[in-house]
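Everything quoted here is computed from the prediction, not taken from an experiment. Order of the sequence lines sets the chain letters (A, B, ...), proteins ahead of strands, with each chain counted from 1.
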Amino acid sequence: MFLMTLAGGIPMSTPRYSPREIEPKWQDLWESTGLYRSVEDPEREKFYCLEMFPYPSGDLHMGHMRNYAIGDAYARFLRMKGFNVLYPMGYDAFGLPAENAAITRKVDPGQWTRSSIERMKHVQRRMGLSYDWNRTLATCEPEYYRWNQWIFLKFMEKGLAYRKSAPVNWCPSCQTVLANEQVEGGGCWRCHTTVLKKDLKQWFFKITAYADELLEDLERLDDWPERVKVMQKNWIGRSVGAEIDFKVTGSDQMISTFTTRPDTVFGITYMVLAAEHSLVELLVHGTDRAEAVMAFVEEAKEKTLIERTDETLEKKGIDTGRTFVNPATGEEFPIYVADYVVMEYGTGAVMGVPAHDQRDFEFARKYGLPVRVVIQDPTLSLREETMAEAYVEDGTMVNSGPFDGRPNREAMPDFINYMEDNGWGRGAVGYRLRDWLISRQRYWGTPIPIIYCDRCGEVPVPEEDLPVLLPTDVQFSGEGNPLATSKTFLEVSCPVCREPARRETDTMDTFIDSSWYPFRYTDPSYDKAPFDQAKAAYWMPVDQYIGGIEHAILHLLYARFFTKGLRDLGLTDADEPFRRLLTQGMVIKDGAKMSKSMGNVVPAEEMMERYGADTARVFILFASPPEKELEWSDQGVEGSYRFLNRVFRLVMENLSLFSAEPERAVEDDENSRSLIRLRHKTVKKVSEDIERRFQFNTAISAIMELVNEIQRFIAGNGLNGAGGAGAAAEAIRATILLIAPFAPHLAEELWEATGHHKSIFLQQWPTFDPELAVSEMVQMVVQVNGKVRARFEAPPDTTREVLQDAALAIPRVREMTEGKEVLKVVVVPGRLVSIVIR
RNA sequence: GCGAAAGUGGCGGAACUGGUAGACGCGCUGGGUUCAGGACCCAGUGGGGGCAACUCCGUGGGGGUUCGACUCCCCCCUUUCGCACCA
């Protein structure tokens, strides 16, 4: 274990850097002393640092490791800066993989999940993460999910949870319904199976009640990545327009449509209903068109979302034979059913204005419907017969009765008033955002606390009966919801009338679990409410949230909605859950995302086994800035290992600097002076890179430079200079402190070796003197006509005049300027002198 | 199609407010140490020319602003990501 070397004839033994020994040693010590436990303290400034909690698959992969390396470095840095830091970890423990394991391998989902959690926790501990493990939680435990149920009931009282029938997304592979946010490109977000439509009566959360607030508050999230905000904005999809009612000819039925272009109402020449529209059947019932139309409807419903939204396909429709009246003109036009109109947006009915909407134009040309120009292009004269495409720009209103001659944009408000006055339309705002479908036909989730009674209807489970526990007497056959196989669960008496009733067997979307967990960490064992309001008021909101971009809409939008909902229940003052968001980049290898199918996975545990956690962490943070992709490099890891070895040796070989009475660094010697300055400069750079820029890669490279310089200093006999030993000792001391957030085990070990008895994480982060954080002499560049022609040294605070004279006095510069006219001299102190000659 | 981000040595990346392009690391080359390999230490390393001082070219391409552009403006190309009949 000890390597014998001979240095200068004196036998010397230097211990070797052995992460395998020092890492467990410090992990045990941190745990036994409770170093990272956090307690509310109104006297101290709090900082809540949080990583997206993982689904406990049992495998901790490089993406996780990167996530935690970033968060832990930041949390440790903030602690040393004096903040009262909350840094917890938990497990998003409900979900399909556990249930699938139950089906295929006959294991209990609870057991499967708990053992996966233990495996992940084991690797997390091994990484040396500074979590307050006392606050850990798992969403599959009744102590947690009972509060999902509680919140559900409160939301229900507030009208934020309700049940309705609707055509919903169904994943045939996962055998459950999905929320709109969970359908990506027509496929299931989890397994990518093509999603089908099903008519079901399901539970929803009324996220649309907060559509405007969710949109407006994005503006205030200054420290969120722009692209996440844009994605949320597009998802909410607010558009201003009008709702217009049309009377069906020969009937009392009204059809309501949403449009962003009420100014084109005079140009309506037909109307289209979505296949799912509730009026379709009613309209054609008993007519000779009934058979053909209903066949078309069935065919459209059969198609998957992908087929229906394929833009390359021609729009197909069918005339219902029925007509409606355009209230603006009094004319009669046909009603079609077409596949390009979807029930999900607006009212599922669209007014057709071929002259001014490209889709309508194509549809009209195909089915021989009239085109009527009502907005005239100011430069060209649009002619209905010759138009090749719709005119979608602004212009002057024509063929529009009292509005003729007015610019369409300007006339819009008046037009809406006109419709309102005449009672057939009104200003309206449309959203793409739909209410959040939360029912899932699966077992491993939170039971929805509802009882169905033939007499009383939907009865909420009384609060005192919570939690509604997941039963264990269930069959995992792979067919249907296992909950429905539990008699003890299903059969219940109605809380109101005591007659036999049955429980809801659907469970909640697991995104509910992750929508409020940051609150729960503030007191995870609290049993009177989801969280202790006083404690949450101290810690919330999360100051720094770190996670993958894949949750840009899903989790982050739901959590924002929940926070607003909880606020309106009077449980918190927070409007937003996450003040700052960092979306980390992917970890890739050989140009592709690390995945089992690619065979390019680097196992986290193996990494740590070989090099230790500190090396893995330093490499991950050094190789790339956090929000960018990280290209894995085995050789790069070697480099980080070598660096930590160098730091270890630098300290261990110079312990004598710390054993004697500490010598103060003095600036008497030129070498000492520059080392002192470099130390201050490095402290400044590392502090700012972590704090302001979140750039751990440049912070670490600055530490490397300092280490290189200390080595050169010692090798070049710098210790013999006046104050040399002091300057070296202080530089080494700073190095250990600066590296602590990145390589915490090594830092503790070296801190102890240099004579300290308390954890380095109880130590203040080093400070710097701004005056000393600049070099004594800076290199100046002299440019002649934009090209670097000479260099000279000068103190950084030299005046412009002196710098200019010095530059012009350089022989080479004199040579070049001789006989030429000096047009201009630009002097940037500390940088350059730029001379323009002719 | 629309929107966003990004293109810098052999590689990962730096250059923060327009001011020495390539910090730091990897790799590579030469040397030292070693029985040897590894590890370690020293030196070099964008391309071309030159013995050298030095010089020309160089941040996806083209133009522009400026004493000065990786950085700002315009056009184009490529890549990645997101959205995609949104009425």
Side-chain angles (χ1 to χ4, degrees), chain A residues 3 5 16 184-186 225-231 233-235 237-239 241 257-261 264 272 274 308-313 315 338-342 344-353 357-360 362-363 430-433 549-550 552-553 586 618-619 622-625 627-640 642-643 645-646 649 685 688-689 692-693 695 697-705 707-708 711-712 715 778-791 812 823-837:
Chain A
L3 191 73
T5 57
R16 228 180 50 186
E184 294 172 350
E226 199 54 38
R227 63 179 186 141
V228 174
K229 292 197 278 186
V230 168
M231 280 163 79
K233 190 175 170 214
N234 291 341
W235 186 262
R238 183 178 198 267
S239 47
T257 66
F258 175 76
T259 180
T260 52
R261 295 292 303 273
T264 62
V272 186
R308 281 184 65 174
T309 55
D310 186 350
E311 271 179 84
T312 60
L313 291 179
K315 299 167 186 8
D339 50 10
Y340 80 91
V341 173
V342 293
E344 278 75 40
Y345 189 79
T347 60
V350 175
M351 56 186 225
V353 186
D357 182 286
Q358 189 55 25
R359 289 157 303 167
D360 295 351
E362 285 163 25
F363 193 81
Y431 298 91
R432 197 182 108 106
L433 182 72
I549 185 77
E550 65 273 17
I553 296 176
M586 273 192 323
V618 167
F619 170 71
F622 175 66
S624 181
E627 61 287 334
K628 290 228 291 199
E629 272 182 356
L630 169 73
E631 170 77 36
W632 191 265
S633 154
D634 292 333
Q635 285 168 332
V637 177
E638 289 276 357
S640 296
R642 279 209 290 268
F643 169 61
N645 267 288
R646 267 206 338 268
R649 261 182 286 122
K685 176 151 179 66
E688 289 178 355
D689 280 356
R692 246 193 24 226
R693 307 203 302 156
Q695 297 238 329
N697 54 333
T698 49
I700 292 170
S701 79
I703 300 171
M704 287 174 170
E705 284 178 82
V707 169
N708 291 346
Q711 276 180 332
R712 263 193 293 269
V778 290
Q779 199 174 107
M780 295 288 299
V781 165
V782 185
Q783 290 184 352
V784 178
N785 282 353
K787 292 207 155 120
V788 178
R789 297 300 179 183
R791 293 160 215 271
R812 201 177 140 64
L823 294 178
K824 192 175 183 181
V825 179
V826 181
V827 182
V828 182
R831 297 273 182 201
L832 52 59
V833 178
S834 181
I835 303 163
V836 190
I837 57 168

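- Pairing for G27(B) goes to U45(B), judged as Watson-Crick or G-U wobble with the two contacts each under 3.5 Å.
- The gap from the P atom of U71(B) to that of A53(B) amounts to 31 Å, rounded to the nearest Å.
- Using a 4.0 Å heavy-atom distance criterion, Ser834(A) is classed as a base contact.
- When the C1' atom is compared between G9(B) and A21(B), the two are found 11 Å apart, to the nearest whole Å.
- In this entry the distance linking CH2 of Trp235(A) with C1' of C81(B) reads 16 Å, nearest Å.
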Reading nucleotides 5-18 of chain B 5' to 3', which nucleotides get B (base under 4.0 Å from a protein heavy atom), which S (sugar-phosphate only), which -? -------BSSSB--
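- A donor atom on one side chain and an acceptor atom on the other are found under 3.5 Å apart for Asn708(A) and Arg646(A).
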Run the numbers on Arg227(A) and Ile549(A) for side chain to side chain contact (heavy atoms under 4.5 Å, CB included), then give the verdict. CA-CA 9 Å; Arg227(A) 63 179 186 141; Ile549(A) 185 77; 3.6 Å; yes
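- For the pair Leu433(A) CG and C86(B) C1', the computed distance is 13 Å after rounding to whole Å.
- When side chains are defined from C-beta on, Val826(A) does not count as touching Gln783(A), because their heavy atoms never get closer than 4.5 Å.
- When heavy atoms are screened at a 4.0 angstrom cut-off, Arg642(A) is found touching the sugar-phosphate backbone but no base atom.
- OP1 and OP2 of A39(B) both lie 4.0 Å or more from every side-chain N or O belonging to Arg16(A).
- Between C85(B) and C81(B), the distance separating the two C1' atoms is 22 Å to the nearest Å.
- Residue-level contact check: Gln783(A) touches the bases, meaning some heavy atom is under 4.0 Å from a base atom.
- You'll find that the side chain of Arg812(A) is closest to U55(B), out of U55(B), A87(B), C26(B).
- The separation between Trp632(A) atom CH2 and C26(B) atom P is 15 Å, rounded to whole Å.
- In this structure, Arg649(A) does not reach the A39(B) phosphate: none of its side-chain N or O atoms is under 4.0 Å from OP1 or OP2.
- Using a 4.0 Å heavy-atom distance criterion, Val836(A) is classed as a sugar-phosphate-only contact.
- Searching all strands for a Watson-Crick or G-U wobble partner of A15(B) with both distances below 3.5 Å returns nothing.
- Side chain Arg359(A) to base C85(B): no donor-acceptor pair is found below 3.5 Å.
- Here the C1' atom of nucleotide G27(B) and the CG atom of Asp634(A) are 14 Å apart, to the nearest Å.
- Nearest heavy atom pair, residue Ala338(A) against residue Phe363(A), reads CB-CE1, 3.8 Å.
- Separation of the C1' atoms belonging to C24(B) and G18(B) is 24 Å when rounded to the nearest angstrom.
- Here C26(B) presents its C1' atom at 10 Å from CE of Met704(A), a figure rounded to the nearest Å.
- The side chain of Val826(A) has C67(B) as its nearest neighbour among A87(B), C67(B), G82(B).
- More than 12 heavy atoms of other shown residues, nucleotides or ligands fall within 6.0 angstrom of atom CZ in Arg432(A).
- Anti is the classification of G30(B), since its glycosidic angle lies more than 90° from 0.
- Comparing G47(B) with U59(B), their P atoms sit 15 Å apart, to the nearest whole Å.
- In a base pair of the Watson-Crick type (N1 to N3 plus N6-O4 or O6-N4) or a G-U wobble (N1-O2 and O6-N3), with each distance short of 3.5 Å, A53(B) is matched with no nucleotide.
- At distances below 3.5 Å, not a single donor-acceptor pair connects side-chain atoms of Thr257(A) with backbone N or O atoms of Ala349(A).
- Look at the P atom in both C42(B) and U66(B): the space between them is 48 Å, to the nearest Å.
- The phosphate of G25(B) (OP1 or OP2) has a side-chain N or O of Asn708(A) nearer than 4.0 angstrom.
- Nucleotide G7(B): paired with C77(B) (Watson-Crick or G-U wobble, both distances less than 3.5 Å).
- The side chain of Arg789(A) contributes an N or O atom lying less than 4.0 Å from OP1 or OP2 of U55(B).
- Summarising the geometry, the separation between CZ on Arg238(A) and P on A87(B) is reported as 13 Å, rounded to the nearest angstrom.
- For the atom pair Tyr431(A) OH and Phe258(A) CZ, the distance stands at 9.5 Å (nearest 0.5 Å).
- Summary of the strand contacts: Val788(A) and Phe258(A) both lie near RNA chain B, and taking for each the nucleotide with the nearest heavy atom, the more 5' one is attributed to Val788(A).
- Counting non-hydrogen atoms under 4.0 angstrom, Gly639(A) reaches the backbone sugars and phosphates but no base.
- If you check G25(B), C24(B), U20(B) against the side chain of Arg646(A), the one that comes closest is G25(B).
- The distance from atom CG of Leu832(A) to atom P of C67(B) is 14 Å, rounded to the nearest whole Å.
- What separates CZ of Arg432(A) from P of C86(B) is a distance of 11 Å, to the nearest Å.
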What verdict does the side chain to side chain contact (heavy atoms under 4.5 Å, CB included) test give for Lys233(A) and Lys229(A), after you've listed the backbone C-alpha separation in whole Å, the side-chain angles of each residue and the deciding distance to 0.1 Å? CA-CA 6 Å; Lys233(A) 190 175 170 214; Lys229(A) 292 197 278 186; over 6 Å; no
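- OP1 or OP2 of C57(B) sits under 4.0 Å from a side-chain N or O of Lys787(A).
- Mapping Thr259(A) and Gln711(A) onto RNA chain B by nearest heavy atom places Gln711(A) closer to the 5' end of the strand.
- Here the separation of C76(B) from G3(B), taken at their P atoms, is 12 Å to the nearest Å.
- The closest donor-acceptor contact from the side chain of Asn785(A) to the backbone of Ile837(A) lies under 3.5 Å.
- Figure legend. C40(B) is base-paired to G32(B); pairs are counted as Watson-Crick or G-U wobble with both atom distances under 3.5 Å.
- Annotation: U33(B) and A43(B) have their C1' atoms spaced 15 Å apart (nearest Å).
- Note that the CE atom of Met780(A) and the CG atom of Leu832(A) stand 6.5 Å from one another [nearest 0.5 Å].
- Across every strand in view, C86(B) sits unpaired, with no contact that passes the Watson-Crick or G-U test at under 3.5 angstrom.
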Residues Val781(A), Val833(A); criterion side chain to side chain contact (heavy atoms under 4.5 Å, CB included); working and verdict: CA-CA 6 Å; Val781(A) 165; Val833(A) 178; over 6 Å; no
